[in-house]
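Below is one structure, written out as structure tokens; comments come after it.
Values below: every heavy atom of this structure, side chains too, minus hydrogens, waters and symmetry copies. Numbers restart at 1 for each chain; the letters A, B, ... are given by sequence-line order, proteins then strands.
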Protein chains: 2
Amino acid sequence: MRDVAEHAGVSVRTVSNVVSGYAHVSPSTRERVQRSLDELGYRMDFLAKGLRSGRTGFVALAVPFLAEPYFAELAQAVIHAAARRGITVLVESTAGDREVERRILSGGLTNVADGVLLSALTLPAADVGSAVPDFPLVMLGEHSVGDHLPRVGIDNVAAARTAVAHLVDQGCRRIVALGRNDSENGRQRTEGYRQAMAEAKVRRVNWLVVPVEDWTRAEGYAAVQELLDGDGPLPDGVFAFNDALAVGALRALDASGVRVPDDVAVASIDDIQEAAYTHPPLTSIAPDLDAIAERALDLLERQASPDAEADGPPEPAAVEPTPFRLVVRRSSQFRPAEG
Amino acid sequence: MRDVAEHAGVSVRTVSNVVSGYAHVSPSTRERVQRSLDELGYRMDFLAKGLRSGRTGFVALAVPFLAEPYFAELAQAVIHAAARRGITVLVESTAGDREVERRILSGGLTNVADGVLLSALTLPAADVGSAVPDFPLVMLGEHSVGDHLPRVGIDNVAAARTAVAHLVDQGCRRIVALGRNDSENGRQRTEGYRQAMAEAKVRRVNWLVVPVEDWTRAEGYAAVQELLDGDGPLPDGVFAFNDALAVGALRALDASGVRVPDDVAVASIDDIQEAAYTHPPLTSIAPDLDAIAERALDLLERQASPDAEADGPPEPAAVEPTPFRLVVRRSSQFRPAEG
DNA sequence: CCCGACTCTTGCATCGTTGCAAACGATCAC
DNA sequence: GTGATCGTTTGCAACGATGCAAGAGTCGGG
């Protein structure tokens, strides 16, 4: 910038004014500086700007596994939404490591990013504690890790209930819930399953929740395989906690010659792009990723604004779940044999 | 840092020495400073450090679509490899926008990142020109956009040839190549297809290259649908340029009642995780993503090192393609009716 | 007992940019 | 003609860290 100033015969400060679009710069000066700028191929140093102004224009997004389609699509949505605001996204992959998530929560990314979006998969509430972080933070997906933290996501209980109710509507009675684990998300989706089953007055003996380690295709495959190998009565419906599990389940059912949806109906949550191309196409709950991304960024900006501390607890509207919809495809077109 | 110095009763410089692990600091001082550090919850400012030292510890990775599984998995591999070197990855999504890619090439990320990894999908060679960028840059995937730029990726011609040769081995004769477009990658994979067909002495009349816009599931579906609706003879093999296209193709074949692999064998390139769960499981060429990530980072580091300018053109070894292997699954188990 | 060598600590300048407030020149109203 | 006002430009300091080189203190050898 110093070079540019010299080349244009003005002060460094004036160059800064031109670059940052300050109003009171005479057209002639502006043009002259602009020419020097172009001629010398000047590029602004983000670091210095960030150091001086305290804002970097970065938002960090931490997800457990970027290679999992759901998170990849979420990241894409966030990047897109951020780009429209002139914000660049820094994507971190925590690998589901509790330690990494904790480090992020305790401010490991401050100074690098103006705000942090954390999609914590494994983080137990205990780790979060009740400390409110000293930097803008929004939790994605989890809806009760800590009530004091702003968060964005669908209502997991309602989503699960909707999916299971749909299976019930199709005539399924013996519905397996696939995917319980000790995550908050897992608990909530289990609860949604329970509610739907209770509402439908399905007899308790037909309730079955199958636990898995991770919500991956491999786990879904293994769990269903085991179920089929067992000696219990076969289910007529599978509600997978996410699409990856459902994809694994579909493969296992297919491998064992169980027909979907004729013998077993399948539905799940996430509606990743892959879901429209499975065999058969998968019925799934589609969260509005764009809405999630937009709202998350809104919340970050609100936290960053100076009057943030004035309004104490987050507004009720801020924690209202984002919308979702049920996308019905062939996997759930179950019609039980009459009689 | 000033606060810490005051709290510990030493100078700012000494605190800096402790933080950066300078050798000549007395144990007592070190411990005292360390205690103050912990007590005040000191966190180093990346920006200031970066501004002073000229290195940020960031590497930027630009891919066309993060939501495409192949790129998500590639990003995951890069993030993982970078993490082991203490490097943080900044993931950009260019949305396949030529303008965005060009901006990155002309240095839009300098100062933010120590180096840039660019996976350019659409960028024509003309845009690259022959100008060598003034910052560390490594191209991913593309293998002849500009010979002067270091690049990492598999040999696309060989990969395509291997996949097609495999289909030929299975007895396929009328093999459709699905995915030509005007990208460099597309040209190379088309060339590999041609070579394999020629080597197998397949009659020209059985060669067929179907063009598509993007390498997505939807395009793969549409292309195959159109093919089946046409009045030409049906193929007995499909070589898709990537797994996404293959997934779409499988779905279209299934929807039309064409059996895979009995009627048509399918193979493609990428071996994304999804490939093991399609119907039937998809035979695919698996590039070694970890090797790609490692080598790309190596090349960046070499460019960043001070003696980089000494050794003129990149070493031959640096441009040697990374390894890949053929993963055979059921989709290619074609056995033609005898006679 | 003094001096050099070594260890530990420190002050100053600096990276590239922007906030602040003053300086400058011109225009305007009285 | 003079003071107030406005638009335009500028110098200085600062953001938080590190490179450099010098200062303070300690030890051992001559």
- Between B:S20 and D:dA17, does any side-chain N or O lie under 4.0 Å from OP1 or OP2? no
- Item | Atom pair distance, as rounded to whole Å: CE in B:M1 and C1' in D:dG16 | 8 Å
- Query: More than 12 foreign heavy atoms under 6.0 Å from CZ of B:R2: is that the case here?
  - Reply: no
- Within the pair A:S16 and C:dT17, is there a side-chain N or O less than 4.0 Å away from OP1 or OP2? no
- Note on the structure: B:T29 has its side chain closest, among C:dT9, D:dT18, D:dG11, to C:dT9
- Item | Greater than 12 external heavy atoms within 6.0 Å of B:F46's CZ | no
- Item | Atom pair distance, as rounded to whole Å: CD in B:E31 and P in C:dT9 | 13 Å
- B:L137 backbone acceptor or donor facing B:Q303 side chain under 3.5 Å: yes
- Item | For atom CD of B:E6 and atom P of C:dT10, their distance in whole Å | 13 Å
- Counting side-chain heavy atoms from C-beta on, which of C:dT18, D:dA17, C:dT9 comes nearest to B:D45? D:dA17
- Query: Within the structure shown, what part of the strands sits under 4.0 Å from A:Y22 by heavy-atom distance: base, sugar-phosphate, or nothing?
  - Reply: base
- Of all the nucleotides listed (D:dG11, D:dA17, C:dG11), which has the minimum atom distance to the side chain of B:S11? C:dG11
- Item | B:R13, nearest nucleotide to its side chain (from D:dG11, D:dC20, C:dT9) | D:dC20
- Contact class for B:S53 (heavy atom, under 4.0 Å): base, sugar-phosphate, or nothing? nothing
- So does B:E101 pair up with B:R98, basic N to acidic O under 4.0 Å? no
- To the nearest angstrom, how far is B:H24 atom NE2 from C:dC6 atom C1'? 9 Å
- Does a side-chain N or O from B:K49 land closer than 4.0 Å to OP1 or OP2 of D:dT18, or not? yes
- Toward the 5' end of DNA chain C, by each residue's nearest nucleotide, B:L51 or B:V12: B:V12
- Query: How long is the line joining CG of A:L40 and C1' of C:dG16, in whole Å?
  - Reply: 16 Å
- Item | Phosphate OP1/OP2 of C:dT17 contacted by A:R2 side-chain N/O (<4.0 Å) | no
- Task: Send over the distance from A:D3 CG to C:dC15 P, rounded to a whole Å.
- Result: 11 Å
- Query: For the pair made of CG in B:L47 and C1' in D:dT18, what is the distance, rounded to whole Å?
  - Reply: 15 Å
- Message: Between D:dG16 and B:R43, counting only base atoms on the nucleotide and side-chain atoms on the residue, is there a donor-acceptor pair under 3.5 Å?
- Response: no
- Query: Between the base of C:dG16 and the side chain of B:R52, is there any donor-acceptor pair under 3.5 Å?
  - Reply: no
- Donor-acceptor under 3.5 Å (A:S16 side chain, A:V12 main chain): no
- Message: Regarding B:R295 and B:E320, does a basic nitrogen lie under 4.0 Å from an acidic carboxylate oxygen?
- Response: no
- Message: Among D:dA17, D:dT8, C:dT17, which nucleotide has an atom closest to any side-chain atom of B:Y42?
- Response: D:dA17
- Task: Could you check whether B:N17 gets within reach of a base, just the sugar-phosphate, or nothing at all, counting any heavy atom under 4.0 Å?
- Result: base
- Between C:dT17 atom C1' and A:L37 atom CG, what is the distance in whole Å? 14 Å
- Answer with base, sugar-phosphate or nothing: what part of the nucleic acid does A:V10 contact at a heavy-atom distance below 4.0 Å? sugar-phosphate
